[in-house]
Amino acid sequence: MPAQAEEETATATPAVRLEQRIPLDPTRFDAQFGGISGLAYDRWARRWLMISDDRSGHGPARFYRVRISQDRRQRLKIGKGKRVILTDRAGLPFPAPGTGREAVDPEAIRVMPDGTGLLWTSEGDVVDGFGPAVLRIDRQGREQGRIILPANLRLDPGQSSGIRDNATFEGLDITSDGALWIAMEGPLIEDGLPAAPGRTAPVRFSRLMDGAPARQYAYRLDAVPVRGQGAVADNGVSEILALDDRHMLVMERSGATDAAGRFQFHNRLYLADFGAAPDVAQMASLSAGTVAAAQKTLILDFDSLPGAPFGNLEGMDWLGGMQPDGSRRLLIVNDNGFEADRPTELLVVTIAAGLLP
């Protein structure tokens, strides 16, 4: 593995570098390893957390804990992963959709700022009538409670407003002021059509703080950058990562089917600034197109890197603190969709000093 990662080291620009590309060996985890959609470092346990978006189809809904160490050259060494099954308040694993009980579609995972537990998101279970959720759990995966959500982020059984199926809570993080931010993958039904070739789309980022009304901000997705030969092409937010209480890294992930019906992915990393964006929580619709959105600056188009494509990039977190030269390092993971010929990979990306606030 180290030799392969060394060979694939590449420079995108003087400001952004791909340092390592590491295929993960599923036998180091379990037979159902795959579909990794969220990544977080637990500094209290000194373990990395990887959550799978398996809807209890390949195995029970779950996340993995794994130790990742670095040598003197800052090359990563991956330990053996441990599976943790996600359970509900009754202590039961979540079922697959269609049973009448709540099924889940895990997407993002984060550690609570005080280290007392974890948070993870589910995109919901429209089949059985359950909307998206942010769940609080202990490190054994047991549900401890849920975050109260703004009303417009809940499921409308009639699907005339609110969330779209499988286009909800992909991004999650906690900013330096203690606020919980939730990023929608795609627009609410009342906010307009999803992104498509030649069409951008607004999505809502929600800011939740104890004792304060929920705020929402508009973020405008790019139009689908590459039109595939198949019938499906979309673009949405797949993860967010806070820098401070107003700046975030935003991963936009576009998927388009090819002639064989397989998704091919294109990923762009943006710096978003919400400092001047207005609160749109009370706006019934963002479809007019005149709403001021967060400012965004392209940090990296992953298609520009040698070795592209990199698959469906869905999870990221900081890899250590600021480097002596002022740069920051990101650890990023792809969701392989449980496809045997698409390995789960970790990417180490360095962003030079001065590019981020």
Side-chain angles (χ1 to χ4, degrees), residues 8 18 21-24 26 32-39 50-59 61 96-97 104-108 121-127 132 163-171 183-187 193-201 203 221-240 250-270 300-316 332-347 349:
E8 298 201 50
L18 173 63
R21 182 178 187 176
I22 309 167
L24 297 183
Q32 293 82 37
F33 183 73
I36 302 302
S37 59
L39 180 71
M50 301 180 184
I51 195 165
S52 173
D53 68 0
D54 188 357
R55 300 188 184 197
S56 299
H58 299 269
V104 291
D105 180 3
E107 291 295 344
T121 69
S122 168
E123 285 206 88
D125 171 19
V126 172
V127 171
I163 59 99
R164 286 182 166 91
D165 186 21
N166 201 32
T168 65
F169 297 172
E170 285 270 352
M184 291 286 292
E185 178 183 3
L193 295 172
R199 183 177 68 218
T200 66
V203 296
L221 294 166
D222 289 350
V224 170
V226 178
R227 185 192 298 268
Q229 296 177 299
V232 180
D234 58 23
N235 186 41
V237 173
S238 65
E239 187 56 287
I240 60 176
V250 180
M251 187 73 76
E252 291 192 29
R253 177 273 328 280
S254 175
T257 51
D258 59 21
R262 295 190 76 189
F263 273 99
Q264 305 300 326
F265 295 98
H266 306 274
N267 306 276
R268 293 175 176 177
L269 184 66
Y270 281 96
L300 177 62
D301 182 342
F302 285 83
D303 286 352
S304 70
L305 294 172
F310 297 95
N312 179 10
L313 301 182
E314 289 217 359
M316 60 181 174
I332 302 171
V333 68
N334 73 313
D335 176 353
N336 74 337
F338 296 96
E339 297 183 50
D341 61 341
R342 288 181 169 175
T344 301
E345 296 180 312
L346 294 175
L347 308 179
V349 172

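Remember, predicted model here, so these are calculated numbers, not experimental data.
The two atoms that bring F169 and E107 nearest to each other are O-CB, 3.4 Å, heavy atoms only. Nearest heavy-atom pair, G34 versus S52, reported as atom, atom and distance to 0.1 Å: O-OG, 2.9 Å. Across all their heavy atoms, S122 and D105 have their closest contact at OG-N, 3.1 Å. Scanning all heavy atoms of the two residues, the minimum distance from R227 to P197 falls at NH2-CB, 3.3 Å. When all heavy atoms of A201 and A195 are compared, the pair lying nearest together is CB-N, 3.5 Å. In terms of heavy-atom proximity, I163 sits nearest to T168 at CB-CG2, 3.5 Å.
For the pair V333 and T344, the minimum side-chain heavy-atom distance is below 4.5 Å. With contacts defined as side-chain heavy-atom distances shorter than 4.5 Å, the pair L305/L300 qualifies. Contact check for E314 versus E170: side-chain heavy atoms found under the 4.5 Å cut-off. Looking only at side-chain heavy atoms (C-beta outward), F33 and N336 stay at 4.5 Å or farther from each other. Proximity of P132 to E123: side-chain heavy atoms (C-beta onward) are nowhere separated by under 4.5 Å. Looking only at side-chain heavy atoms (C-beta outward), F265 and R342 come within less than 4.5 Å of each other. L221 places none of its side-chain heavy atoms less than 4.5 Å from the side chain of T200. Annotation: side chain of M316 is in contact with side chain of L269 (closest heavy-atom distance under 4.5 Å).
Of the candidates N267, N312, N235, R253 forms a side chain to side chain donor-acceptor pair (under 3.5 Å) with just one, namely N312.
Side-chain N or O atoms of S254 include none that pairs as donor or acceptor with a backbone N or O of V224 at under 3.5 Å. When atom types are taken as modelled, the side chain of R268 and the backbone of P225 share no donor-acceptor pair closer than 3.5 angstrom. With N166 contributing its side chain and V126 its backbone, the two residues share no donor-acceptor pair below 3.5 Å. For S37 (side chain) and P106 (main-chain N/O), a donor-acceptor pair under 3.5 Å exists by modelled atom type.
The line from CG of D234 to OG1 of T257 is 9.0 Å long, rounded to the nearest 0.5 Å. Distance CE/M50 to CD1/I36: 6.5 Å, rounded to 0.5 Å. We find the CG-CD distance between L313 and E239 to be 11.5 Å, quoted to the nearest 0.5 Å.
Ring geometry for F302 versus F310: interplanar angle over 60°, hence perpendicular rather than tilted (30 to 60°).
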(request) Decide side chain to side chain contact (heavy atoms under 4.5 Å, CB included) for L346 and L24; before the verdict, give the C-alpha distance in whole Å, the side-chain angles of both, and the deciding distance to 0.1 Å. (result) CA-CA 7 Å; L346 294 175; L24 297 183; 3.8 Å; yes

